[in-house]
Amino acid sequence: MTTRVSDWLDQRLGWRAVWSALFLRKMPKTNWLYTLGSATLFVAINQIVTGILLTIYYVPSPDQAYDSVQYITTQVTAGWLIRGLHHWGASAMVVLTVLHMLRVIVLGSYKYPREVTWFTGIALLLIVIGFGFTGYLLPWDQKAYWATTVGTRIAEVTPLVGNWILRIMRGGQELSAVTLARFFGAHVWFLPATLLALLGLHLFLIVRNGISEVPTREEE
Ligand code: HEM
């Protein structure tokens, strides 16, 4: 019965070819360093799942954000766990992305034909940093407020366009409810949408080009 259903679906969707292309690929002999990309992907999925769960109780307004985070941590069932996974996952994400990038640099995997995979990787790194920067403000405590004051002030020292960038980020000259709304919007809509699109392209190119081989001495 299950074979008939899967045959029926395969004739219409061609899913077996997709499955083979994804999971039955030929792999060169690699090493543990090649698992860093998948580890980053695993943490990214953790961030998406726990992030969605956090939005159930989080309120992005200056008079309620702090209390809603406290409520999640102390009152909601397993809220402390969901928030903890998201909080520590954010740091793990940055560390793993950088380690994965270092592995790509050290083993020369950015070279032909993987240049575009590398470019999408650079964009992914900027997005990961963007997630960290916008997420840091959301608990709306003293640390968040002053870190974002300093962070946006650093952007302001950019020559010529600095004050313009600061006003775009803050939604005015000072940090306010508008800043919190903007950071929340970027954190839960703009950045995730861009991340998913770029990640799709990144993974497609990895399947398309195959994983690079570990460089060896010519005489070996
Ligand atoms: C959200 C962040 C990222 C995720 C989830 C991710 C995911 C992955 C995965 C699963 C692989 C295949 C397995 C592996 O080689 O480890 C891979 C390969 C690759 N990634 Fe990333 N990556 C990310 C960021 C980056 C960054 C920052 C760069 C570089 C700037 C980069 C460049 C590459 C390249 C060039 C490959 C092909 C490696 C090869 O063929 O040996 N990635 N990535």
Side-chain angles (χ1 to χ4, degrees), residues 15-55 82-138 151 154-155 169 182-218 220:
W15 70 267
R16 285 204 182 109
V18 178
W19 178 269
S20 316
L22 286 179
F23 301 112
L24 307 175
R25 288 176 281 144
K26 282 223 163 24
M27 285 279 291
K29 196 173 158 4
T30 52
N31 57 43
W32 279 96
L33 295 175
Y34 283 73
T35 59
L36 287 165
S38 310
T40 316
L41 184 61
F42 176 80
V43 179
I45 294 167
N46 169 70
Q47 293 308 95
I48 293 170
V49 173
T50 53
I52 290 173
L53 291 174
L54 285 173
T55 60
I82 303 293
R83 185 176 174 217
L85 283 170
H86 199 75
H87 178 93
W88 292 105
S91 301
M93 187 78 197
V94 176
V95 172
L96 286 169
T97 308
V98 170
L99 289 177
H100 167 57
M101 187 174 83
L102 287 177
R103 158 344 237 160
V104 167
I105 294 173
V106 170
L107 298 183
S109 311
Y110 52 83
K111 294 179 190 168
Y112 176 83
R114 298 184 180 77
E115 297 94 325
V116 182
T117 320
W118 167 265
F119 293 141
T120 55
I122 294 288
L124 282 169
L125 178 67
L126 295 176
I127 287 173
V128 169
I129 294 169
F131 267 117
F133 184 58
T134 52
Y136 208 81
L137 179 67
L138 303 184
I154 291 171
M169 281 178 160
R182 281 192 185 185
F183 274 51
F184 179 72
H187 195 79
V188 305
W189 292 115
F190 175 71
L191 291 171
T194 323
L195 177 94
L196 288 179
L198 282 166
L199 204 51
L201 186 56
H202 199 69
L203 298 178
F204 168 76
L205 290 171
I206 290 155
V207 174
R208 160 88 174 63
N209 295 322
I211 296 288
S212 66
E213 289 186 34
V214 183
T216 50
R217 283 174 194 277
E218 248 171 62
E220 275 176 25

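Just so it is clear, the structure is predicted and the values come from calculations on it, not from any experiment. Just so you know, ligand 1 is whichever comes first in the structure, and atom 1 is the first atom listed for that ligand.
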remark   = Checking heavy-atom distances from atom 19 (C) of ligand 1 to each of E115, H100, K111, E213, the winner is H100
ask   = Are any of the N or O atoms of T40 closer than 3.5 Å to those of ligand 1?
value = no
key: Check: G37 N/O within less than 3.5 Å of ligand 1 N/O   = yes
query = Does any N/O atom on Y34 come nearer than 3.5 Å to any N/O atom on ligand 1?
reply = yes
query = Which protein heavy atom lies closest to atom 38 (C) of ligand 1, and at what distance to 0.1 Å?
reply = R103 NH2, 3.4 Å
ask   = Can you name the nearest heavy-atom pair linking I127 to L191, along with the distance?
value = CG2-O, 4.0 Å
key: Between S109 and R103: side-chain donor-acceptor atoms closer than 3.5 Å   = yes
remark   = Nearest heavy-atom approach of E213 to P28 is CG-CB, 3.5 Å
inquiry  = How far is atom 1 (C) of ligand 1 from the closest protein heavy atom, and which atom is that?
reply    = M93 CE, 3.6 Å
request  = Measure from the ring center of F183 to the ring center of F133 and say whether it is less than 6.0 Å.
outcome  = yes
ask   = Which bit of I206 gets closer than 4.0 Å to ligand 1, counting heavy atoms only: side chain, backbone, both or neither?
value = side chain
ask   = Purely on distance, is any nitrogen or oxygen of Y110 under 3.5 Å from one on ligand 1?
value = no
query = Taking N or O atoms only and a 3.5 Å limit, does H202 qualify as a polar contact for ligand 1?
reply = yes
request  = With heavy atoms only and a cut-off of under 4.0 Å, state how I211 meets ligand 1: side chain, backbone, both or neither.
outcome  = both
ask   = ligand 1 and T35, any nitrogen or oxygen pair closer than 3.5 angstrom?
value = no
